[in-house]
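Ligands are counted one by one from 1 in listed order, and the atoms in each one are counted from 1 as well. Positions are given from 1 along the sequence.
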Amino acid sequence: MASQNIYILGIESSCDDTAAAILHNGKILSNVVATQEVHKQYGGVVPELASRAHQQNIVPVIHQAINQANIVKKDINAIAFTRGPGLMGSLLVGTSFAKSLSMGLGVPLIDVNHMQAHILAHFIEEDAFEKPEFPFIALTISGGHTQIVKVTDYFQMEVIGETTDDAVGEAFDKSAKILGLPYPGGPLIDKYAKNGNPKAFKFPKPKVPGLNFSFSGFKTAVLYFIQRETKNNPDFIKENLEDICASIQYSIVGILMDKLKKAVKETGINRIAIGGGVSANSGIRNALMEAENKYGWKCHIPKFEYTTDNAAMIAIAGHYKYLEKDFADLSITAQARYKF
Ligand code: KG4
Ligand code: ZN
């Protein structure tokens with residue numbers, strides 16, 4: 001296997017990022033993401049606009065990925081694409097394009113589960129990054145999902161905890177919206193939190209059994225708190241933005257860490273890997289780095305460009321499926337809800 005020369009084109013179009021990447025023997029040669037700005041003005045992703053933007057972006061993004069990798073189309077050994085989960089209209093663009101290109105080039109087609117890819121991003125060859133050892137616990141935190149996954153092999157994954165309502169990214173984005181911040185608000189909460197006091201305000205922790213999460217009550221707690229405070233002082237948000245953001249972030253990170261501690265206790269596995277857009281958050285990154293000393297965990301934190309949606313992670317998942325000759329045929333369809 002080692003002597004093989006494998007080039008994988010990864011295509012990601014599950015939500016509002018059109019992305020393409022070229023992976024050579026597990027190393028990224030190019031990783032292109034076109035983020036759709038059109039949704040900002042609506043305060044969230046508008047599915048119909050997302051699929052239209054994917055249609056406009058997909059050809060130039062793939063061209064750019066191939067050019068930046070300094071290869072030609074004929075070098076590509078297989079095409080990996082996101083089959084789901086995600087927005088149907090968005091997934092259809094990537095799925096149809098991947099099918100046609102694989103047919104045109106005469107190379108295998110590989111379907112990838114987006115959530116598995118967020119986890120497998122840790123296996124991209126990167127000089128300063130150690131790959132997690134099996135078995136490990138993955139915490140996948142994004143705008144659409146919040147899962148604790150027991151990972152025993154590349155494609156042997158078991159969801160042992162998940163959200164019963166909102167995803168953690170939504171908790172960030174909806175809290176940000178209440179504060180009048182534009183979409184997606186997660187990175188902005190992170191930014192303002194850096195200069196705030198995390199203990200300035202207290203938000204209740206949801207009581208959810210086992211390893212599951214619930215974030216819908218959290219957003220409501222933030223809403224009531226802000227309504228109450230702005231009634232007394234209309235400038236409350238402006239005057240306390242950094243402290244509010246730091247307190248929101250501190251509470252959310254606390255909820256995630258509590259469940260991780262529980263997962264470690266229940267499984268006896270203390271190797272942790274995080275993935276998904278929210279793993280870009282500095283609060284969760286710091287908490288995990290602290291946990292290495294505090295609890296003796298081994299924590300794997302991905303490179304920033306592999307946290308939010310990208311095609312490099314789709315390509316690495318495709319690489320491992322390619323080694324297993326686990327290919328899809330042209331009858332494959334996109335799946336908005338796609339469990340593994
Ligand atoms: O994985 P992702 O790019 O897309 C989905 O599959 O959902 O995740 C996007 C989510 C958004 O909710 C965004 O606000 C959040 O990740 N996010 C962050 C940060 N960067 C992205 N949340 C908190 N802090 C950040 N630094
Ligand atoms: Zn994602």
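Between Phe136 and Phe134, the angle of the ring planes stays under 30°, which puts this pair in the parallel group of the 30/60° scheme. Ring-plane geometry between Phe218 and Phe215 is classed as perpendicular, the angle between the planes exceeding 60 degrees on a 0 to 90 degree scale with a lower cut at 30.
At a 4.0 Å heavy-atom cut-off, ligand 1 touches Asp173 through the side chain alone. Proximity of Thr308 to ligand 1, defined as any heavy-atom pair under 4.0 Å, is shared by backbone and side chain alike.
No donor-acceptor contact under 3.5 angstrom links the side chains of Glu324 and Tyr154, judged on distance only. His24 and Asp75 share no donor-acceptor pair across their side chains, judged by distance under 3.5 Å alone. Using modelled atom types, one finds a donor on one side chain and an acceptor on the other under 3.5 Å when comparing Asn281 with Gln249.
Ring centers of Phe155 and Tyr320: at least 6.0 Å apart, outside the cut-off.
Metal site remark for the Zn ion (ligand 2): His114 contributes an N, O or S atom at a distance under 2.8 Å.
Within the structure, ligand 1 lacks Cys15 among the residues with a heavy atom less than 4.0 angstrom away. Heavy atoms of Lys191 stay at 4.0 angstrom or farther from ligand 1. Ligand 1 is approached by His114 to a heavy-atom distance shorter than 4.0 Å.
Enclosure of atom NZ in Lys194 by more than 12 non-hydrogen atoms of other residues, nucleotides or ligands within 6.0 angstrom is indicated.
For atom 21 (C) of ligand 1, the nearest non-hydrogen atom from the set Gly169, Gly277, Ser279 comes from Gly277. Residue Asp309 holds the heavy atom nearest to atom 5 (C) of ligand 1 of all those in Asp309, Val278, Val168.
The N, O or S atom of Asp309 lying closest to the Zn ion (ligand 2) is OD1. If you look at His118 and ask which of its N, O or S atoms sits nearest the Zn ion (ligand 2), the answer is NE2.
The protein atom (non-hydrogen) at minimum distance from atom 22 (N) of ligand 1 is Gly186 CA, 3.5 Å. The protein heavy atom nearest to atom 26 (N) of ligand 1 is Asp190 OD2, 2.9 Å.
In terms of polar-atom proximity, Pro184 is not counted as a contact of ligand 1, lacking any N or O under 3.5 Å from an N or O of the ligand. An N or O contact shorter than 3.5 Å links Asn281 to ligand 1 by distance. For the pair Gly143 and ligand 1, the shortest N or O to N or O distance falls below 3.5 Å.
Considering Arg285, Met313, His118 as possible partners of Thr307, the one that fulfils the side chain to side chain contact (heavy atoms under 4.5 Å, CB included) test is Arg285.
Cation-pi geometry between Arg228 and Phe236 is not met at under 6.0 angstrom from the ring centre and within 45 degrees of the axis.
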